[in-house]
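Throughout, protein chains are lettered first and strands after them, A, B, ... in sequence-line order, and every chain is numbered starting at 1.
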Amino acid sequence: MNSLKLFARRTSAAFYNPTSSFSPYYRSLSSSVSAPPNNNNKLFVAGLSWSVDERSLLDAFSNFGEVTEVRIMYDKVTGRSRGFGFVYFAKDDFAVSAKDAMDGKELLGRPMRISFAVDRVRGDPTMVSRIRDSEAAIRYKN
DNA sequence: GTTGAGCGTT
């Protein structure tokens with residue numbers, strides 16, 4: 001019974017909508033005190049060409065400010081790129097301007113889709129807000 | 001020699 005309710009709640013669109021009172025983020029929005037689900041200094045970069053490595057990703061993003069770390073996710077067995085990665089900036093402003101400039105731009109022939117990274121939480125599946133990043137960045141500011 | 005939406009390690 002309870003597990004059924006939980007399933008229904010988690011699969012509802014309201015659960016994933018931070019503006020909904022069904023969402024676990026609703027309280028943090030109301031109080032604007034808790035940690036935001038989005039990191040404004042970490043970028044999630046998807047749509048990467050298989051041949052893009054961390055070096056070329058760093059080169060592409062280091063013009064916008066200090067990049068503290070770059071990661072590309074590789075397949076455990078084949079060792080090939082999974083086509084997405086993360087870029088960590090020293091400041092939020094760097095990430096914001098990098099996203100604005102690079103989102104949709106091509107790297108090695110493929111357009112990158114960039115958004116602000118969400119924190120992965122142990123256990124639960126990662127929840128990605130369905131609202132636009134630009135909107136989220138404003139909404140979750142501080 | 002392949003594929004193409006996505007939110008990850010210690």
Side-chain angles (χ1 to χ4, degrees), chain A residues 3-142:
Chain A
S3 58
L4 269 179
K5 281 182 184 175
L6 183 65
F7 178 76
R9 192 167 67 93
R10 288 195 165 213
T11 50
S12 74
F15 185 78
Y16 293 94
N17 181 0
T19 63
S20 163
S21 58
F22 290 104
S23 166
Y25 295 136
Y26 180 74
R27 277 187 58 221
S28 63
L29 280 175
S30 309
S31 60
S32 66
V33 166
S34 302
N38 289 47
N39 293 92
N40 290 351
N41 67 324
K42 280 191 209 170
L43 293 184
F44 168 68
V45 184
L48 292 174
S49 167
W50 315 123
S51 49
V52 170
D53 62 358
E54 295 180 336
R55 180 68 217 181
S56 50
L57 198 59
L58 173 64
D59 288 343
F61 282 88
S62 53
N63 301 322
F64 301 95
E66 183 190 349
V67 175
T68 58
E69 191 174 351
V70 167
R71 299 189 76 89
I72 287 181
M73 293 338 214
Y74 293 95
D75 187 274
K76 283 188 178 112
V77 290
T78 68
R80 274 189 304 196
S81 168
R82 292 170 63 189
F84 72 93
F86 299 87
V87 181
Y88 304 71
F89 285 92
K91 290 187 165 195
D92 291 5
D93 294 342
F94 300 157
V96 171
S97 55
K99 177 183 180 299
D100 288 342
M102 300 297 279
D103 192 15
K105 272 200 75 179
E106 286 193 0
L107 187 59
L108 269 49
R110 291 193 69 91
M112 295 181 285
R113 304 191 313 276
I114 307 180
S115 45
F116 295 103
V118 296
D119 280 327
R120 194 175 65 84
V121 179
R122 200 182 80 86
D124 285 347
T126 307
M127 291 185 299
V128 179
S129 170
R130 297 295 188 249
I131 62 180
R132 302 281 86 190
D133 263 344
S134 52
E135 192 181 337
I138 297 169
R139 201 181 286 277
Y140 292 122
K141 195 128 193 175
N142 292 345

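Nearest to the side-chain atoms of A:Arg82 among the listed nucleotides B:dG6, B:dC7, B:dG4 stands B:dG6. Considering only side-chain atoms of A:Arg113, the nucleotide from B:dG6, B:dC7, B:dG4 that sits closest is B:dG6.
Shown here are the side-chain contact (heavy atoms from CB on, under 4.5 Å) partners of A:Ser97, two or more places apart in sequence or in another chain: A:Phe64.
At a threshold of 4.0 angstrom between heavy atoms, the contacts of A:Ser49 include nucleobase atoms, whether or not backbone atoms are also involved.
Between A:Glu69 atom CD and B:dT9 atom P the separation is 13 Å, expressed in whole Å. What separates CD of A:Glu54 from P of B:dT9 is a distance of 12 Å, to the nearest Å. When rounded to the nearest whole Å, the span between CE of A:Met73 and P of B:dG8 equals 8 Å. Rounded to whole Å, atom P of B:dT9 lies 7 Å from atom CZ of A:Phe84. Distance OH (A:Tyr74) to P (B:dG4): 21 Å, rounded to an integer number of Å. For the pair A:Lys42 NZ and B:dG8 P, the computed distance is 11 Å after rounding to whole Å. Distance CZ (A:Phe116) to P (B:dG6): 18 Å, rounded to an integer number of Å.
Note on ring orientation: taking the six-membered ring where Trp is involved, the planes of A:Phe86 and A:Phe44 are tilted (angle from 30° to 60°).
No option in A:Asn40, A:Leu43, A:Val87 other than A:Leu43 meets the side-chain contact (heavy atoms from CB on, under 4.5 Å) test with A:Lys99.
Taken from CZ in A:Phe61 to CD1 in A:Ile114, the straight-line distance is 3.5 Å, to the nearest 0.5 Å.
For the salt bridge (Lys or Arg N to Asp or Glu O under 4.0 Å) condition, no pair includes a residue of residues 76-88 of chain A, sequence neighbours left out.
Counting only distance, with no hydrogens or angles, the side chain of A:Ser62 and the backbone of A:Leu58 share a donor-acceptor pair below 3.5 Å. Under a 3.5 Å cut-off, the side chain of A:Thr68 and the backbone N or O of A:Ala90 do not form any donor-acceptor pair.
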Between the protein and nucleotides 1-3 of chain B, list the N/O to N/O atom pairs that are separated by less than 3.5 angstrom.
from  : atom 1 : to      : atom 2 : distance (Å)
B:dT3 : O4     : A:Arg80 : NH1    : 3.4

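Taking for each of A:Arg71 and A:Leu48 the nucleotide of DNA chain B with the nearest heavy atom, the 5'-most of the two is the partner of A:Leu48.
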